[in-house]
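Encoded as C-alpha cells, the structure appears first; notes follow it.
Sequence lines set the chain letters: A, B, ... in the order given, protein chains first and strands last, and positions in each chain run from 1. In what follows, every heavy atom counts, from backbone to side chain, and hydrogens, waters and symmetry copies are set aside. Every value quoted in this text rests on a predicted model; they were computed, and no experiment measured them.
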Amino acid sequence: MGYFANFSDFINMGGHALYVWLSYGITLVIFGYNLLAIWLKKRAFFTFAKRQLKREQRNYDA
Amino acid sequence: MLTVTNLTSERDDRILFANLNFSLHAGDLLQIEGQNGSGKTTLLRILCGLSSHFSGKIYWQNQDVSQQLPNFLQALLYVGHHAGIKAALTAEENLRWMQRLHPLLNRCTITEALNQVGLYGYEDVPCYALSAGQQRRVSLARLYLSSHPLWILDEPFTAIDKKGVLEKEALIVKHVQQGGMCILTTHHDFDLPKQTIRRINLDQLAHTITSVDTTPSYLVSV
Amino acid sequence: MNIKMPKWFYQLASPKWSYDIMGMLMPWFGLAALLLLVTGIVWGLMFAPPDYQQGNSYRIIYIHVPSAILAQSCFMLMAVAGIIGMVWKMKVAHIVAKSAAPIGASMTIIALSTGAIWGKPTWGAWWVWDARLTSMLILLFLYLGIIALYSAFSNKASGDQAASILTLVGVVNIPIIKYSVEWWNTLHQPASFTLTKKPAMPPEMWVPLLIMVLGYYCFFAYVLMARTRIELLEREHKSGWVTALLTDTP
Amino acid sequence: MNFLNAAIKRELLLALRNRSEIINPLAFFLLVITLFPLAVSPEAKVLANIAPGIIWVAALLATLLSMDSLFKNDYDDGSLEQIVVSPQSLALLALGKVISHWLSTGFLLALLSPVLAVMLFLPSEAMPALVGSLLIGTPTLSLIGAIGAALTVGLRKGGVLISLLVLPLYIPVLIFGAATVQAGALNLPISGHLALLGAMMVFTLLLAPFAIAAALKLSIRN
C-alpha cells in the first residue's frame, strides 16, 4: 500500500485523518457542484428552448 | 353607484381640473378625454384612492368612500399605466397572486383568461421573457377574470394590436351591459351608439375654468 | 487599433464555430482531467512521503496549491478575455469570461477552505490571518463582486462590458493587494509565526503536485467550455443554428 | 391568515428567483468582518475582545444594506399599487414581506455568524449566545428597517436616507445583542439579555406592520 503499511493506517493518516479527509471531501463536493451546475443549466436551457420552439411552431401554424 | 362632488385637483400649483361633478350608475360607461398632462391619470388615481392631491368628496353607495373603503376596494378593479406584473414570476403566478388580492377575479380560470388574450402556452413563461405588449396582455387578462362591479382602466388599449382592441372593447361593453360600471381613458374612440357613452373632456373643463373662473363646472352629457 | 491576428482568432468570433470547436475539445480535456486527477490523488495520498515537520497533513498540498494557482490564473484569463471582448467586440470572449467567473470563485473557495484546514494542526486555529489566506479571501470577494455585477444587468451585453471593466480594475489591483497584505503580515507577525522556508521538495513530492496542477487545469478547461457552450446557446437561441440543433436533438 | 402565507410564499419565490440577491448581504457581512483584522490587528487576543461588537455591527449594516430594495421593485413595476388598491390589508402584506426578507437575510446571517466568530477567535462558549442573539435580534432590525424603506420608497435617493432614519432606532437592539455575546464569551448567564431582545422583537412585531402600511400608503399617494 505504497507509503502506508495497511489500509487502516492510510485512513488514519498518521493522526491527521480529520484534516486530510475534510479537505479532500470539500474539494470533491465543490468539483461535483461544478459538474452538477453544468448539467442543470444544460437541462434547464433545453427544456425551455424546446417549449419555446413548440410554441412558435403553434403560433406559426395558427 | 359612484358619485363625485366638486372634485378639484392641484399638482405643483397647477390646477388640473376643478369642481368636477358626476355620478356613475350601473350600466354607465364614462370616457375621460383630454390630451396628455390634462390630469386624466390623476383623476383615475384619485378615484381609486391612489392619490391625495385633491379636495372635494367621493361617495360610494351614497356614503363617503373613506368610510366605505373595504367594500369599495372589494368592488374596484384598477388597471393602471404599470402592468403591475412581477417580471421574475410567470404569467400564471402573477395572475394567481392577483386572484389572491381580489377575490372577485373568479369568472374563469387563469388558463382561459390567458387564452382569451392570446397567450395560450405562455402560462409558465417568466414575464421577463415576454415583450411589453405581452406583459400588458397578461395584466389585461384580469378583465376576463373579473366580476368587479366597477372597472377603472387607464389607457387599456396601449400596445395592443387591432384585433385585441376590438375584443377588449366588446368585453367592456358586455361588462357595462351586465350592470357593471366603467371609467376609462383612451384616445381610441368607441364605435358605439352615441347615447351609451358619457364623456368628460378635461381640456374643455380647464378652458372654462381659466376663462370664467366663477361659474361652476358643468356635466357634459351627450 | 486593429492589430492583425491569425485567422483562427477571427473564426473564434463566430459563435457556431466556437461552439463546435469546444464540443470537439471537451471530451479530450474531460478524459485528461480524469486521468491526471486520479493518478495525482492516488500518488499524492498513498505513495508520496509525508513532510518531516507536518506529517501527513502535508498531503493537503496536492489540492490546496493547484486550486490557489488556478484561482489566480483564472482571474488573469477573465481579464484577457475581457480585453479581447472589448477591443475586438467578440461576444464569445465575453461569454468565456462570464463562464470562468463561477469556476474561479469555486477554486478560490477550495483554496481557502483547504488552506485553513491545513493550518489547523500547525497553527492550532481553524483560521489564521496569514498573508496568503487573507489575499485569497480578498480574491474571493473580487470574484463575488464580478459575478454579482454580471447578474445585476438584465441586458447581457452591457453586463459583459461592466464586468470586464471591473475585472481589469481587479487584475491591476491583485499585485497591490498581495503586496499590502504581505506588508501588513510582516508588520503584525511576530517572528515565530512565519514558516521557515522549506528545503526544495524532493521529486517524489513535486511530481504528483505537477500532475495535480495539470489535472486541475484540464478540469477547469472542461467545465469552462461546457459553461461557455450553454451560454452561447442561451444567447443565440433565436438564431438558425440553435433551432436546427434543437430540432434534431431528441 | 392565509393571505399572510400567500404573501410570504410569493416573496420567498421572488427571492429565490434571483439568488444572487441573497448572497450580497452575506458577502457584505463577511467582507466587513475581514476589514477589522486588516485595520486593527490579526492577534487573537485583540480580535476576541472586539469580536461580539463588530459581528453585531456588521450584521446590522448588512440588514440595512438590503432594506432599500425591499419595496423598491414592487413600487417601480406597479404591484405595490395593486396591493394598495386591493381589499387585502396592507399591514399583513408588509408583515409577510418582512418575514420573508428576514428569512433571506437575517436568518442566514445568524447561520453564517459562527464562521466569522472562528475567524475572530471568539471563544466557542459564546457561539450559542451569538447565534441566539442574532436569531432574536435580526427580526427587529428587519421590521424597523422596513419602516424606513416604506417611508423612502417613493424618493429618488431613498437608500441613504433609510440609514439615517433607521440607525438610531437600531441602537437598543445593538446594545443588547452585543452584550449577550460578551456575556456568553465570559460564561455568564445570557437568558436575561435574550429575553429583552425577545421583548423588543414582539413589541416591534406588533406595531411595525401598521407603521409600514401607513408609510406605504403615504408614499404611493403622494
Does atom CZ (D/F210) have a neighbourhood of more than 12 heavy atoms from anything else shown, all under 6.0 Å?
no
Given 3.5 Å as the limit, does a donor-acceptor pair link the side chain of B/K40 with the main chain of B/G34, or not?
yes
With a 4.5 angstrom heavy-atom cut-off, is it the side chain or the backbone of B/P103 that approaches chain D, or both, or neither?
side chain
Listed partners of B/K163 passing salt bridge (charged side-chain N to carboxylate O under 4.0 Å, His left out), at least two apart
B/E167
Contact list for residues 112-121 of chain B, test salt bridge (Lys or Arg N to Asp or Glu O under 4.0 Å), sequence neighbours left out:
none
For chain B and chain D, give me every donor-acceptor pair shorter than 3.5 Å, distances to one decimal.
from	atom 1	to	atom 2	distance (Å)
B/R45	NH1	D/E81	OE2	2.4
B/R45	NH2	D/E81	OE2	3.4
B/G49	O	D/R221	NE	2.4
B/G49	O	D/R221	NH2	3.2
B/S52	N	D/R221	O	3.2
B/S52	OG	D/R221	O	3.4
B/Y78	O	D/Q82	NE2	3.1
B/G84	N	D/D77	O	3.1
B/K86	NZ	D/D74	OD1	2.3
B/K86	NZ	D/D77	OD2	3.1
B/A88	O	D/R17	NH1	3.0
B/E93	OE1	D/R17	NH1	3.0
B/E93	OE2	D/R17	NH2	3.1
B/R100	O	D/Q88	NE2	3.1
B/L101	O	D/Q88	NE2	3.3
B/R142	NH1	D/Q82	OE1	3.1

Check: B/R198 side chain, B/L29 main-chain N or O, donor-acceptor pair, under 3.5 Å:
no
Restricting to side chain to side chain contact (heavy atoms under 4.5 Å, CB included), what partner residues turn up for D/A117, sequence neighbours left out?
D/I55, D/L122, D/M127, D/L130
Proximal component of B/L77, with respect to chain D [non-hydrogen, under 4.5 Å]:
neither
Region of D/L80 that comes under 4.5 Å of a non-hydrogen atom in chain B:
neither
Checking B/L76, B/L73, B/V65 against B/C48 for side-chain contact (heavy atoms from CB on, under 4.5 Å), the one that qualifies is B/L76
